[in-house]
Amino acid sequence: SYPVLDIKGALESLVTVKDFIRWIVSACNEHAVVLGHGYDDVWDEAVMLVLYALHLPHDIDTRVQDTRLTENEKRRVLELVQQRVIDRVPTAYLIKQAWFAGLPFAVDDRVLIPRSPIGELIEKHFEPWVKPESVEAILDLCTGSACIGIACAHYFPEAIVDCVDISEDALDVAERNLQAHGMEGRVNLIYSDLFEALEGRTYDIIVSNPPYVDEQDMP
């Protein structure tokens, strides 16, 4: 078992943004928080939690780390830390955003957090296995947040992309991302059990990163 978070002590002793980032890193290490859900560095994860709590952009000048927090700001940060460290909620779900193939995507617990090496393949246009100029149609099967499909549309600007999922909840999240990236007309969201609703459609590339974690490992 792990010690509880000293919230009272944090409120009294932590002052600056940098203080809170350092404290979060220590808390994550002390409680053996597992990384890998969009982050591989605990400092980066701590920075994102603090900036989100303070309503600041992720690319803000690092001089902000020397600024002081108000009492309410401190409590917002600590509430997020409680959820991350004690409740084990991934940071991407807490800040409602994850990055994939260099692009931001809205995520929540209705979809898996993007963390696939497929993103690197998309950025490289699947070369040398594919001639990018010949790609006209792409299928993202089991799309979830539609991060793969939208990234494909971004890196293959001449292609039409179909994003398929059997989860209506996932397609709701995908719709948010579709609108955020302005991909209406180029990316189609389709409710289907795998290929069931795709009769007659053909594709130059089919990409699939379906849920592969078994029930025992999900927690």
Side-chain angles (χ1 to χ4, degrees), residues 35-41 44-45 48 57-59 90-93 95-215 217-218:
L35 304 180
H37 294 85
Y39 299 88
D40 59 9
D41 184 281
D44 291 342
E45 196 159 344
M48 290 304 294
H58 72 277
D59 55 354
T91 291
Y93 288 158
I95 69 174
K96 308 298 184 185
Q97 186 182 64
W99 289 77
F100 179 78
L103 303 170
F105 292 94
V107 296
D108 58 35
D109 59 9
R110 294 175 294 174
V111 297
L112 297 181
I113 297 167
R115 52 178 181 154
S116 169
I118 290 174
E120 297 176 14
L121 295 176
I122 296 171
E123 291 175 308
K124 296 176 181 178
H125 298 95
F126 296 98
E127 292 183 303
W129 303 282
V130 170
K131 294 181 179 179
E133 65 276 6
S134 67
V135 176
E136 298 179 354
I138 301 172
L139 170 62
D140 174 15
L141 199 61
C142 308
T143 191
S145 64
C147 62
I148 288 177
I150 291 172
C152 283
H154 178 81
Y155 285 95
F156 292 86
E158 303 302 319
I160 297 297
V161 181
D162 288 345
C163 294
V164 171
D165 210 294
I166 195 172
S167 167
E168 293 182 352
D169 282 341
L171 290 174
D172 284 343
V173 178
E175 178 65 33
R176 288 177 56 195
N177 285 315
L178 192 68
Q179 295 178 7
H181 287 275
M183 289 293 181
E184 299 94 331
R186 289 200 47 225
V187 175
N188 305 306
L189 302 181
I190 301 172
Y191 174 81
S192 178
D193 185 355
L194 299 177
F195 296 96
E196 191 174 84
L198 302 180
E199 185 175 353
R201 297 173 184 252
T202 59
Y203 302 95
D204 301 297
I205 298 174
I206 297 176
V207 190
S208 185
N209 186 33
Y212 54 81
V213 180
D214 61 35
E215 190 172 330
D217 288 335
M218 276 299 288

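Every value quoted in this text rests on a predicted model; they were computed, and no experiment measured them.
Summarising the geometry of Ala146 relative to Ala174, their closest heavy-atom pair is CB-CB, 3.6 Å, with the distance given to 0.1 Å. Across all non-hydrogen atoms, the minimal contact from Tyr203 to Ile138 is CD2-C, 3.5 Å. What you find for Leu121 and Trp129 is that their closest heavy atoms are CD2-CZ3, 4.2 Å. Here the closest heavy-atom approach between residue Ile113 and residue Pro90 is recorded as CD1-CB, 3.5 Å. A pairwise comparison of heavy atoms in Ile118 and Ser208 identifies CD1-O, 4.2 Å as the closest pair.
Evaluation of the side chain to side chain contact (heavy atoms under 4.5 Å, CB included) rule for Tyr191 yields Ile166, Glu168, Leu171 as partners, not counting sequence neighbours. Listed by chain and residue number, Ile190, Ser192 satisfy the side chain to side chain contact (heavy atoms under 4.5 Å, CB included) test with Ala197 (two or more places apart in sequence, or in another chain). Pro128 pairs by the side chain to side chain contact (heavy atoms under 4.5 Å, CB included) definition with nothing, not counting sequence neighbours. In this view, His37 satisfies the ring pair (Phe, Tyr, Trp, His ring centres under 6.0 Å) rule with no residue, not counting sequence neighbours. With sequence neighbours excluded, the residues that form a side chain to side chain contact (heavy atoms under 4.5 Å, CB included) with Glu175 are Leu178, Gln179, Leu189. In terms of the side chain to side chain donor-acceptor pair (under 3.5 Å) criterion, Ser145 has no residue partners (sequence neighbours excluded).
Annotation: side chain of Cys147 is not in contact with side chain of Asn177 (no heavy-atom distance under 4.5 Å). Inter-residue side-chain proximity for Val164 and Phe195 is flagged as unmet; no heavy-atom pair is nearer than 4.5 Å. The shortest side-chain heavy-atom distance between Leu141 and Leu194 falls under the 4.5 Å cut-off.
Contacts classified as ring pair (Phe, Tyr, Trp, His ring centres under 6.0 Å) and involving residues 159-188 (residues at least two apart or in different chains) are given here: Phe105-His181. Counting only residues at least two apart or in different chains, salt bridge (Lys or Arg N to Asp or Glu O under 4.0 Å) contacts with residues 125-142 are absent. Applying the salt bridge (Lys or Arg N to Asp or Glu O under 4.0 Å) test to every pair with at least one member in residues 188-213, sequence neighbours left out, gives these pairs: Asp162-Arg201. Residue pairs that meet the side-chain hydrogen bond (donor to acceptor under 3.5 Å, both in side chains) test with at least one member in residues 102-122, sequence neighbours left out, are Asp108-Arg110.
Heavy atoms of other residues, nucleotides or ligands lying less than 6.0 angstrom from CG of Asp59 number more than 12.
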Can you give each donor-acceptor pair under 3.5 Å made by side-chain atoms of residues 150-160, sequence neighbours left out, with the distance rounded to 0.1 Å?
from	atom 1	to	atom 2	distance (Å)
Tyr155	OH	Ala101	O	3.0

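Of the inter-residue distances, the one linking Met48 atom CE with Trp99 atom CH2 reads 8.0 Å to the nearest 0.5 angstrom.
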